[in-house]
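So you know, we letter chains A, B, ... as the sequences are listed, proteins then strands, and number each from 1.
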Amino acid sequence: MTPRLTRRDFIKVGAGTAVATGLGSAARKILLEPFVRPPEDVLPGQATWYASTCRQCAAGCGIIVRVINGRAKKIEGNPLHPLNRGKLCARGQAGLQVLYNPDRLRNAVRQTGGRGSRTFEPLYWDAALDLLTEKIGALSDPGRLAFLGGLMPDHLYRLASLFCDGLGAPPPVIFDLHSALEGRATADRLSKAFFGSDELPVYDLAHTEVVLSFGANFLETWMSPVAQSRNYGRLRQGPFGGRGLLVQIEPRLSATAASADEWIPVRPGTEAHVALALGRIIVEERLGHVGSHRSYAVLYQDVEVGDMAQASDVSVETLRRLARVFADADHAVAIPGGYLAGHRNGLAGMLAVQALNVLAAQVGREGGVFLSHPAPASALAQTARVDTFDRVGDLIARMRAGEVDVLMVHGANPIFELPAAAGFAEAVSHVPFVVSFNSFVDETAIQADLLLPDHSYLESWGYQVPAPGADRPVVSAQQPVVRPLYDTRATADVLLALASRLGGPAAAALPWVDEVAFLESSLGELVSSSLSAFPADTAGDFWAVWRRSGGWWSEKEIPREPEVTSVVETPLRVVEPTSEGDSGSYPFLLYPYPSVSLSDGRGANLPWLQETPDPMTTVSWGTWVELHPETARSLGVVDDDVVRVVSPFGSLEAPVVVYPGIRPDVVAIPIGQGHVDYGRFAERRGGNPLALVAPVTDPDSGAWAWAATRVRLEATGRRKALARLESLEGAGRESLR
Amino acid sequence: MKASNGRRGFALLWPGLSLVLVVLVVGAALLSRRVALAAPAQPIAFPHRLHANAGVPCLFCHPNAMRSPIAGLPSVQRCMGCHAYVERGNPEVKKIAQYWEEEKPIPWARVILEPDFVYFSHQPHLSAGLNCETCHGDVASMGTYQPVARMDMGWCLDCHLEQPQEDAARLTDCLTCHR
Amino acid sequence: MSETLPTAEAQYDERVLLAKRKDSEINQAVLQPMMQTGRGFWGLVAALSAIVAWGVFAWGYLIYWGIGVTGKNRPVYWTLFITTFVFWIGISHAGTMISAVLRLLKADWRRPITRGAEAMTAFALMMAGLYPLIHLGRVWKFYWMIPYPNNRFMWPNFQSPLMWDLVAISTYLIGSTLYLYLALIPDMAMARDHTDGLRYRLYRMLALGWRGTEAEWHKLHRALGIFSVAIIPIFLSVHSIVSWDFAVTVQPRWHSTIFAPYFVVGAIYSGLAALATILVIVRRGMRLQEFLRSEHFDSLGKIVMVAGMFWTYFWFAGFLVEWYGNEPVIRELIRQEVSGRLAPLFYLQMTANLVPIVLLAFRRIRTTPAALLGATLLVNVGMYTERLLIVIGSLQRNDIPFNWGTYRTTWVEVSIVAMTFAGFVLLYTLFSRVVPYVPVWEIKEGRLRYTMRRIGRLLVPTAAEIE
Amino acid sequence: MPDVKASAERTPRWAMAVDLDRCTGCQACLVACHAENNVPVAGEKLAGYGRWMHWIIIDRYWEGEFPNVRARFMPVMCQQCGEAPCEPVCPVFATYHNPEGLNAQVYNRCIGTRFCGNACPYKVRTFNWFRPEFPEPLTEQLNPDVTVRSRGIMEKCTFCLQRIRAVEMEARAAGRRPADGEIQPACVQTCPPEALVFGDLNDPESRVSQLARSHRSFRLLDELGAEPAVIYLKGGETNV
């Protein structure tokens with residue numbers, strides 16, 4: 001229950017160190033409590049390292065955790081892991097504060113006194129399970145059970161789907177904002193349509209010469225930032241000869257664009273127009289050394305370069321220059337980024353960008369586009385896939401219509417992540433019984449009747465098939481690095497227990513006694529795999545190796561070449577971007593972007609990440625509004641003046657950051673703050689820009705068009721000093737000498 | 001007359017003050033030494049003497065000294081390893097057995113205690129050829145452990161300064177023990 | 001106090017007048033104000049004590065919570081405390097300077113003002129000495145700066161200007177206190193012989209059994225002579241060292257060769273001004289018009305004026321070099337001063353330092369206590385501002401613009417600064433009631449130089465050489 | 001134990017190379033440093049008043065005007081100067097020059113004059129204005145190899161001294177000298193684009209020495225003559 005209990009058997013080296021005086025031992029009494037039975041893997045005072053997998057975002061980097069006297073002290077990248085090769089990002093480093101967060105939910109509770117009342121009554125797990133079993137057992141029709149997942153580990157997703165299957169309930173709905181912001185759902189569609197594959201493409205940044213990044217902030221939060229950053233380093237100063245060129249095409253100068261050689265401030269939503277124009281130019285002028293122009297000419301038959309330049313606000317000269325650079329390079333790649341997916345022409349746009357790679361024959365070519373590997377075992381094939389906004393919409397509709405009696409939520413926080421206009425909060429009130437498995441009492445968990453906290457990811461088992469993957473098949477291992485601090489329970493075990501209690505088809509679908517048994521059976525196929533970098537003959541050996549090395553992966557790299565489907569024979573469509581709110585009364589387009597440290601807001605309860613300055617504005621602990629100097633001047637505001645940002649759907653007040661790297665017609669606000677419930681470090685801090693966003697979708701992909709809302713600005717006359725790292729007097733001038 | 005009074009008043013002043021000062025200083029010195037060398041009470045009156053005479057080497061019960069900053073205390077299991085058979089009647093040993101049955105750790109009181117900004121590791125000292133007695137005194141003749149030296153910085157330096165030139169430079173650097 | 005003092009020829013008569021006085025009269029004239037303490041006096045003491053008490057509370061608050069309760073931040077690591085420290089060190093200079101130098105020069109007019117001056121030095125130094133302690137926050141760690149033998153082989157770092165400070169200031173404090181006390185002994189004896197009860201006991205103790213024998217007088221003069229010589233290099237060194245606290249760093253504007261003399265001159269400027277201020281007030285408060293006469297204010301005013309001119313010269317010399325050097329950071333600092341956020345302070349500094357020089361050029365102002373008071377007060381406002389600009393102003397800027405900073409003061413800092421100002425006045429007030437403010441024996445000694453001789457029909461005072 | 005002396009023969013000069021061309025400003029180094037070195041979190045109020053405690057920060061400089069605007073990142077940590085301005089001014093040797101060329105900061109000796117903070121031209125020293133707070137159970141994360149600083153004490157980047165010592169002790173026990181790249185400060189270890197390289201300048205073959213010889217190398221505020229041990233490598237340009 002309390003940490004004391006688990007700590008008892010460990011030698012209290014650190015005890016009482018708070019009072020350090022030169023005085024002798026008799027001055028105060030400090031107890032040294034030796035083990036009753038010494039465990040073989042703990043040497044008091046010496047560090048033990050455990051390999052596991054990072055769960056701070058979907059990427060699935062391998063980590064090793066330094067553990068001393070049963071306490072995790074430091075997280076580092078797993079040097080063996082093919083994905084991140086020992087490297088780790090800020091959010092990964094901060095994982096320890098998830099484990100040791102003072103605001104963690106420490107045991108199963110039920111919320112007596114109504115939802116949001118914060119009056120919690122502790123429950124024994126058995127009682128909690130009985131209650132849940134009873135609720136599910138009482139369902140008139142299993143279809144009235146809904147499972148909403150957020151950033152779920154693959155093994156848990158599989159269990160959850162088996163569970164729902166067994167019951168006959170609809171499969172889990174997966175939504176998390178981070179994935180929406182990186183356009184995962186759309187990227188899945190794109191991959192399917194373009195390469196006929198379920199796996200996401202991998203862009204070989206390390207070996208390329210020219211990178212055209214269309215709104216992909218791949219050095220910050222997009223897809224697999226650590227792996228991409230590592231490859232970016234090699235693009236710049238690698239052993240691979242010359243210095244690569246990176247061109248970033250997006251309306252706001254992101255931290256990624258800051259590292260680019262050229263930033264093209266394109267009109268929002270018309271990134272694809274640039275791509276189309278480039279393709280058209282390459283085909284017209286027969287650029288590059290690829291003889292395939294004729295065969296691809298059809299793609300660009302509807303494209304007129306002048307119009308594209310007009311629409312995208314990029315000069316024809318620039319377009320021609322870029323086209324030549326891209327086509328002439330031996331190795332070049334165009335990346336369709338998450339920002340594209342935020343517009344209502346998302347899929348069409350990403351299609352147009354991907355087409356460039358085909359046109360320049362960079363598909364399956366070193367420095368070009370490859371495909372992630374599928375899970376190397378059939379049992380692992382069922383990996384967590386984020387659903388499009390449409391499916392979330394359906395769920396909300398069903399809830400509102402009272403067709404859902406029991407809602408199970410794991411790791412999702414839609415009440416914070418979805419715009420109020422999406423009406424999730426309202427819909428929840430129509431659901432009689434809500435169960436939350438979140439470790440923290442966040443905006444959604446507070447609406448639950450029963451809270452059954454899962455372990456933190458450093459206390460739990462699991463596996464993860466990284467997507468996008470590495471240069472070889474990888475299954476990343478997750479194992480407890482410390483024994484659970486509190487009376488929490490692995491949601492997998494909860495589901496298994498439920499199944500056995502419910503009996504019938506559910507029990508049949510989930511025959512395993514506990515999570516570990518489930519994992520062992522799922523990983524069975526890998527045991528005798530010949531590819532493995534760590535061969536193991538028996539299941540026991542495999543299990544040991546699996547835990548020691550932090551997963552399973554093939555010894556040598558196996559590039560997976562995609563083949564292009566027939567999509568690439570039909571002309572590419574030019575879809576003009578549309579946005580909510582008329583440009584008359586709402587002159588600016590809102591650009592909400594994921595914070596490098598807080599990502600989509602899940603990091604907001606970690607003091608380290610709150611204190612981490614934003615790379616571009618150097619602001620920490622707050623929300624701000626980025627305005628072009630012109631915009632600020634016309635509005636009569638300067639740095640730290642508070643402005644009100646109003647959209648047809650809501651409004652938000654925050655101090656101004658005058659930002660030289662943004663189009664005058666765009667207003668950018670970082671996502672992550674504005675939590676109502678999420679622990680002492682996150683609550684009542686800053687504002688949440690998603691409150692302003694319209695719940696509209698891209699008709700083609702059904703993905704949420706989160707970047708297609710217009711806003712207007714109002715000066716409030718108030719000031720609030722932001723916590724900046726830089727001095728405003730110094731104003732980021734280059735070193736004086 | 002007045003003048004002489006004046007002289008007396010003055011004459012008494014300074015000796016008095018200085019006397020008080022001396023008393024204070026000496027008292028403080030003695031006190032601090034007593035405090036530093038006092039050992040706390042232990043839950044079990046463990047006789048090092050008997051065990052040493054029985055030929056038990058230090059590292060048998062304090063096994064981590066060679067591989068860890070902390071020499072470590074014997075686990076209850078280690079104690080019971082012998083005392084499940086040896087001296088079972090002894091009241092002190094009975095206490096151990098009790099902890100063992102209750103699965104409770106023995107709450108030994110720490111004797112040697114360095115402030116938390118001092119980073120000491122047994123391992124390099126042992127590999128440098130020191131033996132336990134060098135610092136901990138003749139434990140083999142003790143009951144429960146009684147410190148023999150107040151292990152303060154001066155005490156450490158006395159030894160580190162005697163090392164060969166090239167090592168002394170490294171060993172007397174503040175960062176050797178403070179980080 | 002709007003009276004103007006008599007003119008030159010009248011001054012002569014004043015001396016004669018004083019020369020005519022009998023010993024007993026002089027004793028009375030000095031002891032009278034010392035003995036009687038009216039309601040006004042106690043009111044003042046109460047008020048000052050209140051401020052000091054509040055300041056002590058603020059200090060306690062700081063010790064309890066930490067330096068964070070002041071307005072310091074990165075990069076402004078030093079603020080009001082160091083500023084005021086420098087200010088008090090500056091004040092402390094004039095006292096010893098004037099009494100020692102003038103005593104060496106046998107300047108006769110010094111006699112009535114020496115004690116006031118020396119007392120000012122001692123008390124100002126005590127106030128200054130508080131700041132290094134307060135500034136640490138964890139004041140109990142202070143003794144680590146004192147070189148005492150220990151088994152850790154730990155010694156302080158004598159490379160550090162702070163260590164020089166420690167040595168110089170303590171030496172100066174001891175020196176000037178002894179110097180003050182030496183000259184005090186005969187008067188203590190005098191007081192002893194004219195008082196009874198508690199005061200008698202006190203004076204008996206302090207008089208060290210002085211009886212006024214020839215031998216004692218001889219020793220006293222010898223000692224004073226030696227001290228006057230010895231104290232001068234010390235007081236020169238002290239403020240040079242204080243300036244090096246700043247000058248030895250690579251902090252832009254601090255890193256300057258002219259700092260030492262610049263600080264010394266500034267110190268003398270502010271110190272003499274402060275002395276004049278004090279004399280004017282004490283003269284009024286203790287009705288010592290007879291001893292503190294126009295000639296004193298006149299000559300004091302002149303010295304202040306000259307010191308002011310020197311200060312201006314050094315300031316200009318430094319500023320000119322900075323300006324032509326055109327270092328980016330310095331340029332930024334100058335911009336801040338001339339037109340930026342430091343402008344108000346800068347212009348206050350310039351006016352408050354330069355205007356008095358002009359004013360003091362007029363004898364009428366020098367000899368009008370009220371006017372003199374105004375002028376000299378202005379000087380000290382100016383000098384305090386100058387130190388503010390040097391310490392806090394400079395620290396807000398450095399070589400990496402990303403790290404520039406700002407500073408907002410807090411009630412704790414202000415209270416503690418107020419505490420030392422009140423504390424200084426309090427000590428001085430009490431002092432003036434405990435010891436003869438005017439060195440009686442020196443007056444008498446000086447008076448011996450004017451004996452009346454009858455030449456023909458008129459009395460002519462003649463000056464005789466003594467000592 | 002075979003030639004322990006050998007390892008004592010040549011004292012190293014620890015140095016770090018920062019490749020500005022690789023740095024993406026991702027802040028991973030900053031968080032890694034917090035985790036490794038028990039660096040306290042200041043909170044919004046203090047952080048906003050220049051009292052944040054980061055041992056490494058990433059300066060961001062704007063260049064040019066819209067639309068041809070660019071931002072450049074420059075990680076700045078203690079430069080471990082060879083002729084450190086902060087060293088001579090400390091009255092109690094709390095900061096001094098250690099045999100390995102490290103700019104030592106002995107917390108338990110510091111009395112808090114903050115003189116070193118004024119003397120440091122890089123302004124990389126931070127001061128504990130108040131007693132640092134680690135709400136339970138965040139204390140469980142504190143690294144036992146690093147002192148938790150109390151209030152009134154100056155602190156700064158130590159090149160992860162505890163890691164250097166750990167490897168050195170290991171190497172000495174094995175009678176060898178630490179291999180190049182074996183010692184990795186937390187920031188270097190985590191840096192995703194591998195912009196940071198740590199090593200021994202006295203070993204001409206070490207990677208950091210090679211980078212120091214690069215035509216792109218420069219030192220921050222070199223003209224002050226502080227002999228920093230942090231070598232920066234200029235960001236390049238790819239023109240088309």
Side-chain angles (χ1 to χ4, degrees), chain A residues 3 13-14 68 71-77 87-90 93-94 96-97 100 102 219-220 226 229-230 232-233 236-237 243-245 253 255 258-259 261 265 321 325 485 596-597 607-609 611-613 615-616 618 620-622 628 660-661 721-726 732-735 737, chain D residues 19 21-28 30-32 34-36 41-45 47-48 50 52 54 57-67 69-73 108 135-144 148 186 189-195 220-221 223 233 236-240:
Chain A
V13 199
I68 299 179
R71 286 286 170 268
K73 297 298 183 183
K74 179 77 166 61
I75 300 180
E76 290 180 0
K87 299 308 177 182
L88 207 55
C89 70
Q93 287 284 351
L96 290 169
Q97 292 196 325
Y100 294 123
L219 297 178
E220 296 157 77
V226 177
S229 299
R230 202 174 146 270
Y232 165 81
R236 283 299 183 218
Q237 296 290 333
R243 185 177 187 275
L245 175 80
L253 183 114
S259 303
D261 300 280
R321 195 179 87 247
V325 171
L485 294 181
V596 171
S597 48
W608 282 341
L609 293 182
E611 186 100 336
T612 303
M616 301 309 293
T618 77
S620 57
W621 292 100
H628 185 280
L722 288 163
R724 279 186 171 85
L725 195 67
E726 74 175 326
R733 269 177 272 165
E734 187 56 87
S735 167
R737 304 198 180 205
Chain D
D19 191 336
D21 205 16
R22 284 170 174 258
C23 176
T24 66
C26 72
Q27 309 286 350
L30 182 139
V31 181
H34 270 264
E36 173 71 17
V41 168
E44 181 173 19
K45 195 159 153 295
W52 40 264
H54 312 306
I57 62 172
I58 300 180
D59 294 2
R60 188 271 299 110
Y61 295 108
W62 289 109
E63 288 175 1
E65 295 299 328
F66 183 87
V69 62
R70 286 201 57 178
R72 291 194 178 280
F73 298 116
N108 46 311
E136 289 291 342
L138 282 177
T139 45
E140 303 284 2
Q141 179 276 329
L142 293 175
N143 183 352
V148 177
Q189 194 283 330
T190 202
C191 180
E194 290 162 346
L220 188 53
L221 300 181
E223 64 281 3
L233 301 169
E237 284 288 346
T238 309
N239 301 318
V240 292

key: Structural part of A:Arg724 lying under 4.5 Å from a heavy atom of chain D   = backbone

request  = Go through the atoms of D:Val41 and report whether side chain, backbone, both or neither lie under 4.5 Å from a heavy atom of chain A.
outcome  = both

ask   = Do A:Met616 and A:Val596 come within less than 4.5 Å of each other through their side chains, counting heavy atoms only?
value = no

Chain A contact via D:Phe66 - side chain, backbone, both or neither, heavy atoms under 4.5 Å = both

ask   = Between A:Ala94 and chain D, which part of the residue has a heavy atom less than 4.5 Å away: side chain, backbone, both or neither?
value = both

key: Best-contacting candidate, D:Cys23, D:Cys26, D:Ala42, against chain A by heavy atom pairs under 4.5 angstrom   = D:Ala42

note = For D:Glu140 and A:Tyr100 the tightest heavy-atom approach is CB-CE2, 3.5 Å

note = Of the listed A:Ile68, A:Leu725, A:Val226, A:Leu219, the one with the largest count of heavy-atom pairs under 4.5 Å with chain D is A:Leu725

inquiry  = Under 4.5 Å from any heavy atom of chain D, what part of A:Lys74 do you find: side chain, backbone, both or neither?
reply    = side chain

key: Part of D:Ala32 lying under 4.5 Å from any heavy atom of chain A   = both

message = Below 4.5 Å, heavy-atom pairs only: which of A:Gly622, A:Ser620, A:Gly244, A:Ala255 has the largest tally toward chain D?
response = A:Gly244

Chain D interface, residue from A:Leu722, A:Thr612, A:Leu96 that has the most non-hydrogen pairs under 4.5 Å = A:Thr612

inquiry  = Heavy-atom cut-off 4.5 Å, strictly under: side chain, backbone, both or neither for D:Asp19 against chain A?
reply    = side chain

Part of A:Glu220 lying under 4.5 Å from any heavy atom of chain D = neither

key: Largest heavy-atom contact set with chain A, pairs under 4.5 Å, which of D:Gly48, D:Gly64, D:Ala35, D:Gly25   = D:Ala35

request  = For residues A:Ser229 and D:Pro192, report the shortest heavy-atom separation together with the two atoms involved.
outcome  = CB-CB, 3.6 Å

query = Which bit of A:Leu253 comes within less than 4.5 Å of chain D, counting heavy atoms only: side chain, backbone, both or neither?
reply = side chain

request  = Just give me the residue among A:Pro660, A:Ser259, A:Gly77 that pairs up with chain D most often, heavy atom to heavy atom, under 4.5 Å.
outcome  = A:Pro660

remark   = NE2 (D:His34) and CH2 (A:Trp608) are apart, to the nearest 0.5 Å, by 9.0 Å

message = Please give me the minimum heavy-atom distance between D:Gln141 and A:Lys73, naming the atom from each residue.
response = NE2-O, 3.1 Å

query = Relative to chain A, which of D:Gly50, D:Cys191, D:Pro135 shows the most heavy atom pairs under 4.5 Å?
reply = D:Cys191

query = Under 4.5 Å between any side-chain heavy atoms of D:Gln27 and D:Ile58, yes or no?
reply = yes

message = Quick check: do D:Pro193 and A:Arg230 have side-chain heavy atoms less than 4.5 Å from each other?
response = no

ask   = Checking heavy atoms, do the side chain of D:Leu233, its backbone, both or neither come under 4.5 Å from chain A?
value = neither

inquiry  = Salt bridge check, A:Arg243 against D:Asp21: does any charged N sit closer than 4.0 Å to a carboxylate O?
reply    = yes

inquiry  = Checking side-chain polar atoms at under 3.5 Å, does A:Glu611 have a donor or acceptor matched by the opposite partner on D:Trp52?
reply    = no

task = Using a strict 4.0 Å threshold on nitrogen-to-oxygen distance, state whether D:Glu63 and D:Arg70 make a salt bridge.
result = no

query = Checking heavy atoms, do the side chain of D:Glu36, its backbone, both or neither come under 4.5 Å from chain A?
reply = both

Contact class of D:Leu30 relative to chain A, heavy atoms under 4.5 angstrom = side chain

remark   = Looking only at heavy atoms, the pair that brings D:Arg60 and D:Ala71 closest together is CD-CB, 4.0 Å

inquiry  = Check this for me, if you would: do A:Asp261 and A:Arg236 make a salt bridge, where the nitrogen-to-carboxylate-oxygen distance has to be below 4.0 angstrom?
reply    = yes

